[in-house]
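What follows is a short report on a single structure.
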Amino acid sequence: MVLGVDEQLAILTAGAVDVIHEAELRKKLERGQPLRAKLGLDPSRPDIHIGHAVVLQMLRRFQELGHVAVLIVGDFTAQVGDPSDRSSTRPALSKEEADANAATYFEQAGRILLPENLEIRHNSEWLGAMGIADVLRLAARATVAQMLARDDFERRYKEGKPISIMEFLYPLLQGWDSVMVRADVELGGTDQLFNNLMGRTLQEQEGQEAQVVLTAPLLEGLDGVQKMSKSLDNYVAITEPPATQFGKLMSIPDTLTTRYFSLASGASPAEAQDFAEQARAGTLSPVEAKRAMARRIVDAYQGEGAGEAAEAEFNRVFKSHDVPTDLPEHTLESAAAVDGQIRLANVLQQAGLAKSNAEGRRLITQGGVRIDGEAITDPDATYVPADLDQVVIQVGRRRWVRIRT
RNA sequence: GGGUCGGUACCCGAGUGGCCAAAGGGGGCGGCCUGUAAAGCCGCUGGCAACGCCUACGUUGGUUCGAAUCCAACCCGGCCCA
């Protein structure tokens, strides 16, 4: 460990919303031993997005200072599912699905984390071995009143919304993870504060030193209002094509430009502040600032220069109104043709540009469909499949497919 | 276990025998504007080779020419009592 305790403290807590407690972290650092910094990941959704990146970058700083990043795959809990947001948000996964997701997860996390100083654990390792008696003993450690202290629970309780007993168990299980891996520090989004604090309680009850809890700000999604999440489809995945990332980043509300820059680009606090200042002063216009932000973020995950290339592509498509260089292709299913003719609405549907035939018809009627740049407005338009070979169909402003027969 | 209120489309929420594929809002989508921003305006928003048919108002069964609406049983949730 080359750096002094004060310097480490400053680096590790930079950007954190909550630090509970700084004095404890200092004490841990003073021992000069590598700390174990835990981060739990939910493998029910495979894509890592730039919102996750905020906390992953914090974790990386621990690694860079010689501490150990302990990633916990919540494979056990993922297999049980989570009733909190009504079935759909977190469906129960099979062991295979959870494993498969976890695998891609780490491949992605690897774009941010260092391969060394990394420990990966699955919580099925210990949770799967617990019997009912163990679970009951764990459940006895917290009270209903304590659980209702979590704002999310309190709100739902007041609103008369259902809260399952199982949900009360989750914070305890996550806290138990901390006990099992002997975490010194736990990272997470601000929405994880309550759960991570539970880890402290349990560790102390087990005679361990309580983990320090650091929370990272939650990044707003593309809509600018709700937090970035896969289920709301308002995210920028760290592995999607650079051009897509750039485009999505350009679509965020102006008010979030500096926030994205400082949270998702991996820029140093000083750099982020400098950027914010320029934007505020008007040295950078809102569009220029946003472009700079988008370039910076694409670079961060795709490599130096990727941002510029993505911007060039962006200009090509949205300034020159050209067709993108890379576009998905769809081979027509000949079976869909009737008497040698195929309906455009049907083509849209099979190419994934419309969810149904009916939606395809609606899009056409509304003037949202173009074939090689020419708007088609007849919902009953039909074609001979061969005539559609190599044709580019555009739906709306940003979706294209090249047709093959 | 008893009482009571409730379960409607992606979400919230009206509708309490035919005029209901179901008001209104949110969200989403398309168009105009534009900087793939915001604000604004207009339109669409169950499915089906489609002026008709099918499916859908928790589930199942019933009453009726006709049910989201009435009846019965069941399932699920909130609250009160035990």
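Chain letters run A, B, ... following the sequence lines, proteins first, then strands; residues in each count from 1. All values reported here derive from a predicted model rather than from experimental measurement.
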Item to check | P atoms of A68(B) and C75(B), separation to the nearest Å | outcome: 24 Å
Item to check | Under-4.0 Å salt bridge between E167(A) and R156(A) | outcome: yes
Item to check | Distance below 4.0 Å between S251(A) side-chain N/O and A37(B) OP1 or OP2 | outcome: no
Item to check | Span that lies between the C1' atom of G27(B) and that of C33(B), in whole angstrom | outcome: 22 Å
Checklist entry - CZ of R362(A) versus P of G31(B): gap in Å, rounded? => result 15 Å
Next on the checklist: What I want to check is whether an N or O donor and acceptor connect the side chain of Q366(A) with the base of G43(B) at under 3.5 Å.
Outcome noted: yes
Checklist entry - Taking the six-membered ring where the residue is Trp, are the ring centres of F314(A) and F318(A) under 6.0 Å apart? => result yes
Next on the checklist: By nearest heavy atom, map R370(A) and F314(A) onto RNA chain B; which one lands nearer the 5' end?
Outcome noted: R370(A)
Item to check | Under 4.0 angstrom between R399(A) side-chain N/O and G30(B) OP1 or OP2 | outcome: yes
Next on the checklist: Please tell me if N357(A) has a side-chain N or O lying less than 4.0 Å from either OP1 or OP2 of G47(B).
Outcome noted: no
Checklist entry - Taking NZ, NE, NH1 and NH2 as the nitrogens, is one of them in R182(A) or E209(A) under 4.0 Å from a carboxylate oxygen of the other? => result no
Next on the checklist: At 4.0 Å (heavy atoms only), tell me whether R361(A) reaches a base, stays on the sugar-phosphate, or touches nothing.
Outcome noted: base
Next on the checklist: Taking the cut-offs as 6.0 angstrom to the six-membered ring centre and 45 degrees off its axis, would you call K248(A) and Y235(A) a cation-pi pair?
Outcome noted: yes
Next on the checklist: Over all strands shown, is G367(A) touching base, sugar-phosphate only, or nothing at heavy-atom distances under 4.0 angstrom?
Outcome noted: sugar-phosphate
Next on the checklist: Regarding I252(A), tell me which of base, sugar-phosphate or nothing describes its non-hydrogen contacts under 4.0 Å with the strands shown.
Outcome noted: sugar-phosphate
